[in-house]
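Because only heavy atoms are used, hydrogens play no part in the values below, and waters and symmetry mates are left out as well, while side chains stay in.
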Amino acid sequence: MTQTAALQPHRMSDAKLGLWLGLLGVVVFGLTLPMTRLATGTADAPQLSPWFVTWARAALAGGLSAVYLLATRSRLPARAERGPLLLSLAGNAIGFPLLLGWALRHVTASHAAVINALLPLATAAVAAWLLHQRARLGFWLFAVLGSGLVIAYSLIRAAQAGHGFGFEWADALLVGAVIAASLGYVGGAQATPTLGAERVISWVCVMALPVSVPGALLTWPSQPVATSAWLALLYVGVFSMWAGFFAWFRGLALGGALRVSQTQLLQPFISILAAVPLLGETLDPLTLMFALAVVATVFMGRRMAAPPRPQERA
């Protein structure tokens, strides 16, 4: 056995490192739902406007990003990198937080976590489409099954709320948020190999500053706001919008967007459990059941994500 071979087991592969970094990002993002609801409040007890939360968190992250890029003397994005960065800006900096913020005014964080559980399949589907990563037929079947479970959950919740057998409009906002986030994730993953994970999210936030700063000033709250709402805004601005992406984009690039996106199977449970102490929500059996069912489809979809390998010759 050579010395190189002896040392090989101690070296973490890019695929494993990617999964661990993706998991770290998922923990950070798992707190985003309860923290966003804490920042925006409810329809009956509003705090910060979803518009303000969207612009302010992007502006806060943009300020930190500008300092980071200057301190590290980062280069400007190349022309080929600007398109993916703009896609990430539209999806992660604007679309996802805005749609999520309005939805969380009307549904609990636990409810949103079930819909948000579709994000891994949506990210993998977008990766297969934009990055031309092939997936087995079984993956798409489980993606359809997961979508069907989310639709069923929405219908049941609407009926329980007395709205008849129909969809909650807030669920449409949540589905839109999922689509926006998945597009942003894959856009960021496209630019990461050449630009670097830290610079990707930092340039996304800096590029958003011409919009986020005026937007935050124009939507600044005029009514008193609870301290907890400001602290929640600080979290989504520093961690959800900036620091969490350092790990997430690097994980997607190292481990592959199709596979690493499936580490998000833990995210709905992190959100549901965190909502108990942060928001005083209860552990609803129906929500937990559907969350488990959706996560099961995500787990099986992960196993079907990659195309079958050709048989090796003896």
Side-chain angles (χ1 to χ4, degrees), residues 18 22 25-26 28-29 32-33 36 50 54-55 57-58 61-62 77 80-103 112 115-135 139-140 143-144 146-147 150 171-195 197 199-208 211-212 236 240-242 244-253 255-265 267-268 294 298 301-302 305:
V26 164
V28 172
F29 298 145
T32 299
L33 269 63
T36 300
T54 298
W55 302 130
R57 75 178 229 160
E81 296 163 342
R82 294 170 192 166
L85 288 176
L86 287 173
L87 179 61
S88 183
L89 188 161
N92 297 135
I94 300 176
F96 176 76
L98 183 60
L99 295 171
L100 179 67
W102 281 112
I115 312 298
N116 204 56
L118 275 181
L119 188 52
L121 294 181
T123 304
V126 171
W129 173 43
L130 292 181
L131 305 183
H132 307 291
Q133 297 182 0
R134 296 175 57 200
F139 166 79
W140 298 109
V144 171
S147 301
V150 167
D171 288 339
L173 295 177
L174 290 170
V175 171
V178 166
I179 295 173
S182 61
L183 287 167
Y185 286 163
V186 175
Q190 284 181 290
T192 295
T194 56
L195 194 57
R199 291 174 178 83
V200 164
I201 189 57
S202 294
W203 276 115
V204 165
C205 295
V206 167
M207 290 167 65
V211 178
S212 62
V236 296
S240 301
M241 187 64 236
W242 190 58
F245 283 99
F246 280 37
W248 180 244
F249 281 155
R250 180 62 65 183
L252 287 175
L258 271 173
R259 286 189 172 87
V260 175
S261 65
Q262 305 311 310
T263 61
Q264 291 171 307
L265 60 90
Q267 187 167 324
V294 172
V298 171
R302 176 188 174 186

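Of all non-hydrogen atoms in Val150 and Val294, the two that sit nearest each other are CG2-CG2, 4.1 Å. Taking all atoms of both residues into account, the shortest heavy-atom contact from Leu99 to Gly176 is CD1-C, 3.4 Å. Of all heavy-atom pairs spanning Ala58 and Ala93, the tightest one is CB-O, 4.3 Å. The heavy-atom pair separating Gly187 from Pro84 by the smallest distance is O-CB, 3.2 Å. Minimum heavy-atom separation, Ala122 to Val178: CB-CG1, 3.7 Å. Closest approach of Leu100 to Ala177, counting heavy atoms only: N-CB, 4.1 Å.
Between Ile201 and Met241 there is a side-chain heavy-atom pair separated by less than 4.5 Å. Taking the side chain as every heavy atom from C-beta outward, Trp55 and Val211 approach each other to under 4.5 Å. Counting only heavy atoms from C-beta outward, the side chains of Asn116 and Phe96 approach each other to under 4.5 Å. For the pair Leu87/Leu130, a side-chain contact is recorded, criterion being any heavy-atom separation below 4.5 Å from C-beta on.
Rounding to the nearest 0.5 Å places OG of Ser240 at 11.5 Å from CG of Asn92. To the nearest 0.5 Å, atoms CH2 (Trp203) and CG (Leu85) are separated by 9.5 Å. Annotation: the span from Leu174 atom CG to Ile179 atom CD1 amounts to 11.5 Å, rounded to 0.5 Å. A distance of 13.0 Å separates CD of Glu81 from OG of Ser88, quoted to the nearest 0.5 Å. With rounding to the nearest 0.5 Å, the separation of CG in Leu89 from CD1 in Ile94 is 5.0 Å. If you take CZ on Arg57 and CG on Leu98, they are separated by 10.5 Å, rounding to the nearest 0.5 Å.
At distances below 3.5 Å, at least one donor-acceptor pair connects side-chain atoms of Thr192 with backbone N or O atoms of Gly188.
Taking the six-membered ring for Trp and thresholds of 30 and 60 degrees, Phe245 and Phe29 have ring planes inclined between 30 and 60 degrees apart.
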